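These notes concern the structure reproduced below.
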Amino acid sequence: MEIDNVVCAFCGCVCDDITVTVEEGRISEVKNACTLGRAWFLGHSSNAHRPSGTVNGRPVSTEEAVEEAARILAQARYPLIFGLTSTYCEAQKEAIALAEVLGACIDCCTSVCHGPSGIALQGVGEPTCTLGEVKNRADLIIYWGSNPAESHPRHLTRYAVTPKGLFTPRGRKDRRVVLVDVRPTPSARAADIFLQVKPGKDFECLWALRALIKGIDLEEDAVADTGVTLAQLKDLADRMQSCRFGMLCVGQGLTQSRGKQMNTTAVFLLVRELNGFTKFAAMPMRGHGNVTGIDNVLAWQTGYPFGVNFSRGYPRFNPGEFTAVDVLTRQEADAALIIASDPVANLPRPASGRLSQIPTVALETRESETTKIAKVVITTAPAGISAEGTVYRMDNVPLRLRKVLPSPFPSDEEVLSRLLERVKELKHA
Amino acid sequence: MPEGKLILITGRSTKQGTGLNKGKDSRDYQEAVRTLEMNREDMARFGLRDGDLVKIKTLYGEATFTCRQEKLPKGMAFVAYGSLSSRLVGGETHASGMPDSKGFEVEVVHLPRGD
Amino acid sequence: MLKIVQGEVYDPINGIDGEKRDICIEGGKIVAEVEGAPTIDASGMVVMPGGVDIHSHIAGSKVNTGRKMRPEDHRGDVVPRTNVTRSGVGYTVPSTFTTGYRYAALGYTTVMEAAVPPLTAKHAHEELNDIPLLDKASFPLMGNNYFVLKYIATGEFQKVKAFVAWLLQATKGYAIKIVNPGGVDTWKWGKNIESLDEKANTFDVTPRQILTTLARVQEDLGLPHPIHVHCNNLGVPGNYETTLKTMEAVEGRRIHITHAQFNSYGGESWARFRSKAPEIATYVNDHPNVTIDVGQVIFGEATTMTADGPWQYRLHQLTGHKWVNSDVEMETGAGIVPYRFSKRNSVNAIQWAIGLELLLLIEDPWRVFLTTDHPNGGPFYFYPQIIKLLMSQDARLEMLESVHKWARTRTSLKELGREYSLYEIAIITRAGTAKALGLKEKGHLGVGADADIAIYPKLDDPEAMFSRPRYVIKGGEVIVEDGKVVKDGLGKTFFVEPAYDEAIEGEIREDFEKYYTVTFENYPVQLEHYLPRHEVIPCG
Ligand code: SF4
Ligand SMILES: [Zn+2]
């Protein structure tokens with residue numbers, strides 16, 4: 001059976017034009033997806049052999065695993081709920097409700113991917129648009145610290161570089177593409193111009209560009225030791241001012257390097273000032289998975305997009321205090337619930353180490369570094385394959401994941417709502 | 001055993017991304033996150049050849065990778081995100097929530113060539 | 001079942017002006033009689049239908065970006081969880097749960113989300129479902145939509161009409177929202193439109209054409225609410241002429257001008273800024289096809305957020321405050337700028353006075369409504385403060401003395417002696433809005449109406465009275481007691497289902513597939529997933 005217009009939420013592109021062929025209870029063919037998307041659909045075809053859950057490594061039923069998880073969380077004094085990336089908004093809502101009842105800290109992978117972009121938004125705002133505006137209008141695309149060819153492959157072909165749009169009828173021919181990065185990544189092949197910045201020197205380059213578009217005369221040594229020349233930056237500044245519609249795509253090269261939120265602040269300021277000359281937008285290259293969704297749900301339910309603490313009974317936000325890496329590194333969390341992500345593999349060792357010292361509960365569709373150390377593992381149906389719900393694209397456009405295969409396991413939403421009910425009962429008792 | 005410093009960049013790679021979907025224990029994923037890319041001159045400087053093992057150390061930890069020559073700027077190494085790269089990153093976020101995951105200095109120790 | 005006895009009832013739709021009446025409730029509706037029901041003794045209290053807000057920004061992509069960008073807005077106004085209610089934050093852009101509770105705690109039970117980009121309608125509905133207690137509906141943005149402009153340009157009225165009906169169904173929307181017609185499309189290249197007859201957008205269509213066409217479409221489709229218009233040139237000195245022309249443009253068809261305060265300005269510069277509220281009010285008084293809501297300014301913090309991208313950019317440049325712009329492909333735009341209305345600021349003082357002038361000068365309370373264009377003019381939970389100013393000339397004059405003198409010299413406010421009665425307050429906050437929205441079961445207490453009721457203690461100080469209802473009843477159940485939410489729950493979402501010629505789907509598909517970045521199939525909002533409790537309001 002062929003199912004059309006399936007939504008892929010492996011990366012923040014959230015392509016919704018995928019055709020999936022289901023044969024004999026597995027996905028046998030995937031059309032329109034990139035290699036990452038294909039691997040996502042094919043790789044998740046079957047997790048049926050897994051136990052429904054484990055407690056201390058011992059296979060148990062979902063109910064038993066939920067019971068133990070509820071006990072652990074209800075007893076904890078400062079539980080952390082973290083992850084929520086590869087799941088959908090309806091499940092994320094349950095997790096937030098649980099955090100509130102527990103007085104927990106709840107954080108998502110945003111804090112370790114585009115948290116600094118969120119902080120920059122809070123500081124100076126953000127001129128942005130949906131991806132269709134890029135496709136229809138943009139004649140200058142700048143990827144800065146982003147490697148879309150490997151992280152968001154169809155960003156290039158579906159939204160920003162090659163597609164033909166309303167005012168870009170010739171597609172690639174109507175656009176200039178610039179890549180700014182510390183190394184010539186595979187994305188350099190898609191670019192007309194590649195500027196190689198030295199690691200940690202993005203801020204200096206961005207600030208110099210701001211000066212240049214304001215007509216401030218810079219000396220060469222203003223950009224000394226950045227890896228790029230003043231002439232290169234002047235050329236880029238000219239292109240930025242003279243394009244019809246520019247788009248600056250903000251990669252993790254900016255958010256995870258020296259400067260972090262100062263880098264992204266510089267981007268948003270630069271782009272804001274460019275609107276004095278032409279139309280210009282910026283967009284963080286969000287996602288893995290539905291990380292944009294959890295930001296949105298957290299923001300509408302609590303006012304803050306990540307790193308939210310409920311210990312006083314109301315939401316508080318303070319990056320560096322209530323964000324997962326900090327709460328774990330400082331050895332504060334005394335229990336953890338990890339949902340649809342793998343912090344043991346991805347967080348810095350001082351943080352992930354804490355997860356093996358405390359009782360950790362993991363909701364996962366498959367084996368991961370986190371399930372290996374978790375005291376309780378609850379197997380769930382993979383979102384977008386065996387569970388449906390809302391996801392948000394990197395530009396905040398909502399789409400609905402489909403369920404294309406049955407699963408013997410409950411969805412994240414079902415498990416979390418049961419867990420919430422049990423925790424409420426235990427807390428009342 | 002020549003030693004020295006490099007700036008380490010972590011990031012996504014296609015192989016890491018597709019490997020992830022085959023499973024974190026899959027060969028593709030493991031290969032992707034265990035490969036350290038360096039440029040030719042640096043490899044020569046450290047006396048390294050493709051396939052050699054190197055130990056990478058930081059203040060926070062260490063991990064062993066297989067080396068591979070790639071087109072990279074001098075003085076830089078690249079590794080795909082994963083359980084190995086995260087051993088090298090500290091927990092300090094400078095009040096941002098974000099650790100210094102890219103562009104930090106690492107020490108390279110060339111391990112004796114295998115048997 | 002419930003019976004409210006001995007209350008002083010204000011139910012303008014049924015002509016009841018402060019008479020003692022018993023109100024009987026069964027099955028969530030007002031009924032003629034109930035036997036053996038528990039009673040609420042409302043003696044010494046005022047009983048009104050639940051409030052109906054005709055224009056507010058409470059849900060969706062723009063509101064949520066406002067929340068994300070303003071941690072400083074939330075920190076001073078925290079809302080702990082209780083045994084009944086969820087936690088949240090307040091101030092100008094409250095979290096969803098808090099939004100619902102605060103409206104309910106004022107005696108409001110129905111609220112319109114006034115600007116939804118169709119592409120992100122699922123988001124708006126997701127948030128509406130997280131706004132507890134209230135019944136809601138949303139207005140999809142259409143005044144700069146690619147297909148609307150295209151079919152106007154080609155003169156194909158029937159296609160505009162079919163498309164609008166299709167879009168209302170696809171988004172589960174309620175009314176046609178028009179923001180800066182033509183101008184927002186023009187803003188996609190960084191420009192704006194300044195007059196009703198300027199052609200500058202993708203299809204060289206004028207604001208006048210957009211307004212007249214959509215007004216006709218509204219009439220032909222028999223939509224319950226008229227076109228809901230945020231005029232061109234909002235916020236700009238001298239814009240009252242544009243507003244007059246906008247009202248004229250629809251040639252007697254129904255039109256609702258929203259947050260008219262922001263469009264009643266005279267003077268050709270900020271230095272010459274003055275009120276033209278009397279001119280606007282005179283026009284409204286003479287033209288029964290027009291309704292307005294005021295968009296009253298509240299001194300203090302606000303977060304301005306509109307689909308009017310060029311205006312928001314201008315406001316950013318005027319203030320230097322942080323700025324979000326977010327253009328939405330094929331449809332609309334959005335801008336957000338935090339703002340603070342200050343009593344000592346000459347322009348702000350005039351803006352404040354204009355809202356009150358409109359409310360006092362427009363004679364027919366059925367055609368002028370109380371809003372703050374939340375959170376543009378200020379948060380909705382300041383409505384009781386405005387009610388007090390409307391009911392008491394003394395209070396008004398006292399406040400007028402405390403603000404910049406231009407409010408006294410460049411507006412007519414100090415001459416206005418009118419004082420609203422409770423009956424009139426009930427009209428501008430519930431009966432009139434329900435009527436203008438075409439919500440026949442809202443805004444009144446007649447048999448068959450939804451049992452949404454606010455019971456206020458009768459106090460001399462209207463602000464205190466309306467700030468803290470003794471009881472609020474929603475769908476027959478007590479949800480608020482003494483200003484505190486005592487019951488949580490999910491309200492309904494209203495939408496319309498105008499019939500259309502299905503050929504339009506084939507018609508728009510080609511351009512849709514070329515220029516949107518989502519598939520045609522994934523675009524519509526699925527009723528079963530996004531509107532768990534809903535009601536279709538009939539057209540025609
Ligand atoms: S670009 Fe991203 S969303 Fe699109 S198919 Fe590839 S992995 Fe999936
Ligand atoms: Zn508004």
Side-chain angles (χ1 to χ4, degrees), chain A residues 4-5 7 16-17 89 93 97 100-101 118 121-137 158-159 163-166 244-245 272 275-276 278-279 281 295-297 299-305 310 312-317 388-390 392-393 395-400, chain C residues 59 61 63-65 67-75 78-81 86-89 93-98 119-123 126-127 130 146 187-190 202 313 316-317 321-330 333 336-337 514-522 526 529-530:
Chain A
D4 290 331
N5 305 309
V7 177
D16 72 328
D17 60 345
C89 298
K93 290 181 196 176
E100 190 186 87
V101 168
L121 163 71
Q122 295 176 338
V124 299
E126 176 188 350
T128 189
C129 61
T130 67
L131 287 164
E133 286 296 285
V134 184
K135 163 168 130 171
N136 286 330
R137 292 170 202 268
R158 198 162 187 250
Y159 305 127
K164 297 185 168 113
L166 191 54
R244 280 198 308 171
F245 187 117
R272 160 168 134 178
N275 278 280
T278 183
K279 191 78 183 182
D295 276 27
N296 274 322
V297 181
W300 82 58
Q301 294 198 345
T302 75
Y304 310 111
F310 281 105
R312 289 193 186 160
Y314 55 81
R316 285 185 296 159
F317 168 75
E388 62 172 311
T390 312
Y392 284 76
R393 215 163 66 174
D395 56 353
N396 289 311
V397 169
L399 284 156
R400 190 165 180 88
Chain C
S61 42
V63 180
N64 211 33
T65 304
R67 294 188 189 99
K68 285 184 203 165
M69 81 188 283
R70 297 211 66 189
E72 76 282 10
D73 185 70
H74 317 318
R75 283 191 168 128
V78 297
V79 182
R81 68 181 280 253
R86 298 286 303 268
S87 68
V89 293
V93 211
S95 56
T96 48
F97 304 132
T98 302
L119 182 61
T120 59
K122 291 187 191 78
H123 181 170
E126 276 213 287
E127 286 195 29
D130 272 352
Y146 173 90
W187 172 242
K188 294 186 168 186
W189 292 123
T202 304
Y313 180 62
H316 154 65
Q317 290 196 305
H321 294 172
K322 55 188 170 184
W323 168 58
V324 163
N325 182 70
S326 185
D327 293 340
V328 180
E329 65 206 60
M330 307 292 279
I336 313 171
V337 179
K514 276 206 297 224
Y515 304 134
Y516 269 98
T517 53
V518 300
T519 61
F520 190 68
E521 285 73 16
N522 283 326
Q526 301 102 323
H529 298 308
Y530 294 98

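Chain naming here is simple, since letters A, B, ... match the order of the sequence lines and numbering starts at 1 in each. Keep in mind the model is a prediction, meaning the values are calculated, not measured. Both backbone and side-chain heavy atoms feed into the values below; hydrogens, waters and symmetry mates do not.
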Notebook entry, point to check: To the nearest 0.5 Å, how far apart are CE in C:Met330 and CG in A:Leu166?
Noted result: 6.5 Å
Check: chain C heavy atoms under 4.5 Å from A:Tyr159: which part of the residue, side chain, backbone, both or neither?
Finding: side chain
Next item on the list: Flag the one option from C:Pro80, C:Ser61, C:Gly190 with the top tally of heavy-atom pairs under 4.5 Å to chain A.
Entry: C:Pro80
Note to self: If the test is side chain to side chain contact (heavy atoms under 4.5 Å, CB included), which one of A:Glu100, A:Gln301, A:Arg312 qualifies with C:Ser87?
What the structure shows: A:Glu100
Next item on the list: Taking the side chain as every heavy atom from C-beta outward, state whether A:Leu121 and C:Lys322 have any atom pair closer than 4.5 Å.
Entry: no
Checklist line | For C:Tyr146, all residues meeting side chain to side chain donor-acceptor pair (under 3.5 Å), sequence neighbours excluded | finding: C:Asp511
Check: To the nearest 0.5 Å, what is the distance between NZ (A:Lys135) and OH (C:Tyr516)?
Finding: 11.0 Å
Notebook entry, point to check: When you check the side-chain N and O atoms of A:Asn296 and C:Asn64, is any donor under 3.5 Å from an acceptor?
Noted result: yes
Check: For the candidates C:Arg67, C:Arg86, C:Met69, which exhibits the highest count of non-hydrogen atom pairs separated by less than 4.5 Å from chain A?
Finding: C:Arg86
Checklist line | Which atom of A:Pro398 lies closest to which atom of C:Lys122, heavy atoms considered | finding: CG-CB, 3.8 Å
Checklist line | Greatest number of heavy atom pairs closer than 4.5 Å to chain C - which of A:Asp395, A:Val397, A:Thr390 | finding: A:Thr390
Check: Do the charged groups of A:Arg137 and C:Asp327 touch, with an N to O distance under 4.0 Å?
Finding: no
Check: Between atom OG1 of C:Thr517 and atom CD of A:Glu133, what is the distance when rounded to the nearest 0.5 Å?
Finding: 9.5 Å
Notebook entry, point to check: With only heavy atoms counted, which part of A:Thr302 is less than 4.5 Å from chain C, the side chain, the backbone, both or neither?
Noted result: backbone
Next item on the list: Only counting residues at least two apart or in another chain, list the ones meeting ring pair (Phe, Tyr, Trp, His ring centres under 6.0 Å) with A:Tyr392.
Entry: C:His123
Next item on the list: Locate the shortest heavy-atom distance separating A:Asn396 from C:Lys68; write the atom from each residue and the value.
Entry: OD1-NZ, 3.6 Å
Margin query: What I want to find out is whether C:Glu126 reaches A:Lys93 closely enough, with some N-O distance under 4.0 Å, to be called a salt bridge.
Written below: yes
Next item on the list: Using a 4.5 Å cut-off on heavy atoms from C-beta on, say whether the side chain of A:Asn136 contacts that of C:Lys188.
Entry: no
Note to self: So A:Asn275 and C:Gln317, do their side chains get closer than 4.5 Å, heavy atoms only?
What the structure shows: no
Next item on the list: Below 4.5 Å from any heavy atom of chain C, which atoms of A:Val7 appear? Answer side chain, backbone, both or neither.
Entry: side chain
Next item on the list: Report the residue from A:Asp16, A:Asp17, A:Asp4 that forms a side-chain hydrogen bond (donor to acceptor under 3.5 Å, both in side chains) with C:Thr519.
Entry: A:Asp16
Item checked: Separation between CZ of C:Arg70 and OH of A:Tyr304, rounded to the nearest 0.5 Å -> 11.5 Å
Next item on the list: Side-chain contact test, heavy atoms from C-beta onward, threshold under 4.5 Å: evaluate it for A:Arg400 versus C:Tyr530 and give yes or no.
Entry: yes
Check: Given that the side chain runs from C-beta out, which part of A:Arg393 has a heavy atom under 4.5 Å from chain C: side chain, backbone, both or neither?
Finding: side chain
Next item on the list: Check each atom of A:Ala281 against the heavy atoms of chain C and say whether the ones under 4.5 Å are side chain, backbone, both or neither.
Entry: neither
Checklist line | Distance (rounded to the nearest 0.5 Å) between A:Glu126 CD and C:Ile336 CD1 | finding: 10.0 Å
